[in-house]
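Take a look at the structure below.
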Amino acid sequence: MPLRPSRARGLLDGIPHRGAAAAGYRAAPECDGEPIATYAGMLARGERPDAYTFPSLLKAVARAPPSCARGGGAVAAAVHTHVLKFGMERSPHAASALVSAYAAGGGGASARALLDACGCGMSVAWNALISGHCRGKRFGESCLSFADMVRDGVTSTPVTYVSVLSACGKGRDLLLGAQVHKRVVESGVLPDLKVENALVDMYAECADMESAWKVFDGMRVRNVVSWTSLVSGLAGLGEVDRAREVFDRMPERDVVSWTAIIDGYVQAAWFREALEMFRQMQYSNVRADEFTMVSVITACAQLGALEMGEWTRVYMSRQGIMMDVFVGNALIDMYSKCGSVERALEVFKDMHNRDKFTWTAIILGLAVNGHGEEAIDMFHRMIRVSEAPDEVTFIGVLTACTHAGLVDKGREFFQSMIHSYKIAPNVVHYGCIIDLLGRAGKITEALETIDQMPMAPNSTILGSLLAACRVHGNLDIGELVAKRLLELDPENSMVYILLSNMYAKSNRWQDVRQLRQAIMEKGIKKEPGCSLIEMNGMIHEFVAGDQSHPLSKEIYSKLENVIADLKNVGYYPDITEVFVQVAEEEKHNTIYWHSEKLAIAFALLRSEPNTVIRIVKNLRMCLDCHNAIKLISRLYGREVVVRDRTHFHHFRHGFCSCKDYW
DNA sequence: GAATACGTGA
């Protein structure tokens with residue numbers, strides 16, 4: 001095992017002769033470069049570091065951006081060089097810190113070698129190994145290290161238990177967690193607040209709430225951490241209501257508890273509740289931090305709440321909250337999901353540290369907003385800076401090919417993903433390929449691909465092929481796909497809508513009637529359409545036919561005027577996708593009152609002229625709304641962005657970015 | 001004064 005650090009890259013090279021800044025280490029704004037500069041200054045003054053210097057230095061560089069040193073524990077190695085230079089390798093303090101840093105940075109072998117060599121303060125060094133692996137997200141390694149420690153007969157301390165329990169929880173290893181619990185009880189370290197908290201958290205992370213409560217109830221002393229573990233455990237199980245009850249019962253709440261409940265709402269897709277909790281948090285005198293803001297920005301993204309998303313940046317600068325890589329990534333995603341690629345790109349360009357999430361977010365953002373070629377360029381840039389793409393990155397790349405109509409390129413990327421990057425395609429990747437082929441009109445090939453997939457197609461895949469059949473007028477395969485789709489998902493009202501649309505297009509009115517009959521008989525209900533629009537920081541929700549908005553009267557009369565205007569330029573309502581069994585005239589009303597039309601009427605009433613109208617819809621847009629909005633964008637000179645369940649529609653000058661394919 | 005518990009992103 002190498003005890004000498006292998007090629008340490010950059011981080012502390014040149015110290016003490018030059019300052020830290022000249023040493024190839026340029027602290028990014030969110031990265032605290034202070035301790036390194038301090039260390040450099042110390043050496044420059046001829047002072048010798050002592051046993052405590054290196055642990056604090058390592059703590060500081062643990063937060064260094066990955067671009068400074070990547071993999072294999074290079075950061076640890078850089079510091080290791082200095083430790084050796086000053087002959088401090090026998091210091092248990094320095095050695096333990098190094099073990100931890102090596103393990104965290106992926107230098108498991110070096111960490112182990114160092115541990116075996118240092119021999120003193122055994123428990124602490126083992127603890128460092130276990131927790132280091134945990135910090136590096138290698139939970140299995142962490143657990144194995146604990147097993148080795150036990151086998152070597154090294155005494156476990158409370159810190160050992162806390163570290164290994166944390167690894168069990170994060171690695172979802174309930175079996176080992178329960179075994180450690182037994183040892184904890186036998187060891188006699190209880191009662192110990194931190195160990196008990198680690199137990200509660202381990203059980204909560206492993207979704208065993210019963211055991212978590214049992215430990216919690218048995219605790220003589222509890223603190224905010226004990227409570228927060230329960231809150232996040234419940235939230236993680238999707239039981240956000242119960243999480244909220246526990247949250248409300250907590251004797252005190254800190255920023256972590258608040259973030260846990262806010263994020264719980266986000267994970268449960270209760271985005272408005274998440275924002276409401278954030279509002280309450282501001283009243284509670286607990287300051288938000290980067291973690292909180294990531295959840296808040298995510299909620300804004302999902303709601304399409306661009307104004308509020310923008311406001312978070314003002315808020316963060318006022319509150320002194322750093323824009324770290326997590327926040328930056330969340331912002332990129334938020335702008336993308338609000339249909340504002342330009343702003344997403346601005347954030348991307350301003351980011352000093354980027355990781356694979358950053359690249360993936362911008363690739364996806366460009367791709368779904370119809371900038372396929374630029375997305376592919378980004379992918380190549382990502383490869384050039386040696387950031388390794390993963391399966392999500394390829395979803396972005398394949399989506400980009402779909403949007404740019406690059407069938408062959410998409411196929412190439414799919415192959416290179418499998419063979420060069422050794423990523424096994426999942427059902428989503430196949431979905432992209434089906435979409436790619438379907439969109440290009442290669443319906444037969446798409447169907448063949450579905451049948452050759454190593455997994456069963458889901459309703460998304462079949463649905464995308466059905467949509468392709470509609471656009472390309474392939475009724476034969478369309479009927480086939482619809483049948484398979486209904487076997488999979490009998491309540492799927494979209495199937496009937498698309499199929500009926502195709503029948504109508506081929507003048508098969510008898511089939512249209514039969515389809516309608518079938519729907520009536522089966523009692524299939526269409527999920528109500530719902531559109532969100534943000535206005536002056538408020539999120540307004542419209543459901544089809546909904547009259548609950550305070551300005552309802554004005555909105556409906558505005559809508560009537562708009563429809564009259566549209567009819568003057570040749571609009572005629574398209575009711576081929578209307579399924580309720582009512583008179584023709586009422587069918588017209590049904591589509592006039594679709595939620596996105598109400599939202600647009602509201603926007604035309606209340607928003608500033610020339611501003612972009614942004615709507616988020618829960619379902620696929622209907623044909624009629626798509627036609628109507630194209631005309632509205634031309635007639636009123638307004639840009640409209642609609643994000644529906646699967647696509648972005650950027651309407652400008654009478655055209656839609658989806659080129660009528662969705 | 002080394003190792004330790006709760007909440008982040010595509």
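Chain identifiers are assigned alphabetically (A, B, ...) following the order of the sequence lines, protein sequences preceding nucleic acid strands; residue numbering begins at 1 within each chain. None of the values given here were measured: they were computed from a predicted structure.
Rounded to an integer number of Å, the gap from CG of Leu199(A) to P of dC6(B) is 12 Å. Protein atom CH2 of Trp227(A) is 17 Å distant from nucleotide atom C1' of dA5(B), rounded to whole Å. Summarising the geometry, the separation between NE2 on His133(A) and P on dT4(B) is reported as 13 Å, rounded to the nearest angstrom. Separating the CG atom of Asn127(A) from the P atom of dT4(B) is a distance of 9 Å, rounded to the nearest angstrom. Rounded to whole Å, atom P of dA2(B) lies 14 Å from atom CG of Leu57(A). Rounded to an integer number of Å, the gap from NZ of Lys170(A) to C1' of dC6(B) is 8 Å. Rounding to whole angstrom units, CG of residue Leu230(A) and P of dG7(B) are separated by 12 Å. One interatomic measurement links the two molecules: CZ of Phe379(A) to C1' of dA10(B), which rounds to 14 Å at whole-angstrom precision.
When each of dA2(B), dA5(B), dC6(B) is scored by its nearest atom to the side-chain atoms of Ala198(A), the top-ranked nucleotide is dA5(B). The nucleotide whose nearest atom lies closest to any side-chain atom of Asp324(A) is, among dG7(B), dT8(B), dA3(B), dT8(B). Closest to the side chain of Ser232(A), from the set dA2(B), dT4(B), dC6(B), is dC6(B). Residue Thr360(A) places its side chain closer to dA10(B) than to any other of dA3(B), dT4(B), dA10(B). For Asp390(A), the side-chain atoms get nearest to dA10(B) when compared with the rest of dT8(B), dT4(B), dA10(B). Distances from the side chain of Val256(A) to the nucleotides dA5(B), dG7(B), dA2(B) place dG7(B) closest. Of the candidates dT4(B), dA10(B), dT8(B), dA10(B) carries the atom nearest the Leu364(A) side chain, counting heavy atoms from C-beta on. Nearest to the side-chain atoms of Asp254(A) among the listed nucleotides dC6(B), dG7(B), dA5(B) stands dC6(B). With dG7(B), dA2(B), dT4(B) as the choices, the nucleotide that has an atom nearest any side-chain atom of Val159(A) turns out to be dT4(B). Here dA10(B) is the nucleotide among dC6(B), dA5(B), dA10(B) with the atom lying nearest to any side-chain atom of Lys356(A).
Between Thr298(A) and Ser295(A), the side chains place no donor N or O within less than 3.5 Å of an acceptor N or O (distance only, hydrogens not considered).
With contacts defined as side-chain heavy-atom distances shorter than 4.5 Å, the pair Leu303(A)/Met308(A) does not qualify. Looking only at side-chain heavy atoms (C-beta outward), Val99(A) and Trp126(A) stay at 4.5 Å or farther from each other.
Within residues 140-156 of chain A, no residue is approached by DNA chain B to less than 4.0 Å at the level of any non-hydrogen atom. Applying a 4.0 Å cut-off to non-hydrogen atoms, the residues of residues 284-305 of chain A that approach DNA chain B are Asp289(A), Glu290(A), Phe291(A), Thr292(A), Val294(A), listed by residue number. Shown for residues 239-248 of chain A: no residue has heavy atoms falling under 4.0 angstrom of DNA chain B.
No close placement of the Phe357(A) and Phe326(A) rings is indicated, their centers lying 6.0 Å or farther apart.
Summarising the local packing, CZ of Arg242(A) is surrounded by 12 or fewer heavy atoms from other residues, nucleotides or ligands at distances under 6.0 Å. A 6.0 Å sphere centred on CZ of Arg220(A) holds no more than 12 heavy atoms belonging to other residues, nucleotides or ligands. Heavy atoms from other residues, nucleotides or ligands lying under 6.0 Å from CZ of Arg287(A) number 12 at most.
Ring geometry, Phe379(A) versus Phe413(A): the interplanar angle exceeds 60°, so the pair is classed perpendicular (tilted spans 30 to 60°).
The residue Glu391(A) sits apart from the nucleic acid: no heavy atom pair falls under 4.0 Å. Counting any heavy atom pair closer than 4.0 Å across all strands shown, Val200(A) reaches no nucleic acid atom.
With its ring centre under 5.5 Å from that of the base six-membered ring and a plane angle below 30°, Tyr52(A) counts as stacked on dG1(B).
Phosphate contact (OP1/OP2 of dT8(B), side-chain N/O of Lys137(A), threshold under 4.0 Å): absent. Put simply, Ser131(A) has a side-chain N or O that comes within less than 4.0 Å of OP1 or OP2 on dT4(B).
At least one cation-pi condition fails for Arg183(A) and Tyr161(A): the charged atom is not both under 6.0 angstrom from the six-membered ring centre and inside a 45 degree cone around its axis. Within the cation-pi definition used here (under 6.0 Å to the ring centroid, within 45° of the axis), Arg48(A) does not qualify as a partner of Phe86(A).
Closest heavy-atom contact between Ser96(A) and Val124(A): OG-CG1, 3.7 Å. Scanning both residues, Cys300(A) and Leu275(A), for their nearest heavy atoms gives SG-CD2, 4.2 Å. Contact detail for Leu331(A) and Met323(A): the closest heavy-atom pair is CD1-SD, 3.7 Å.
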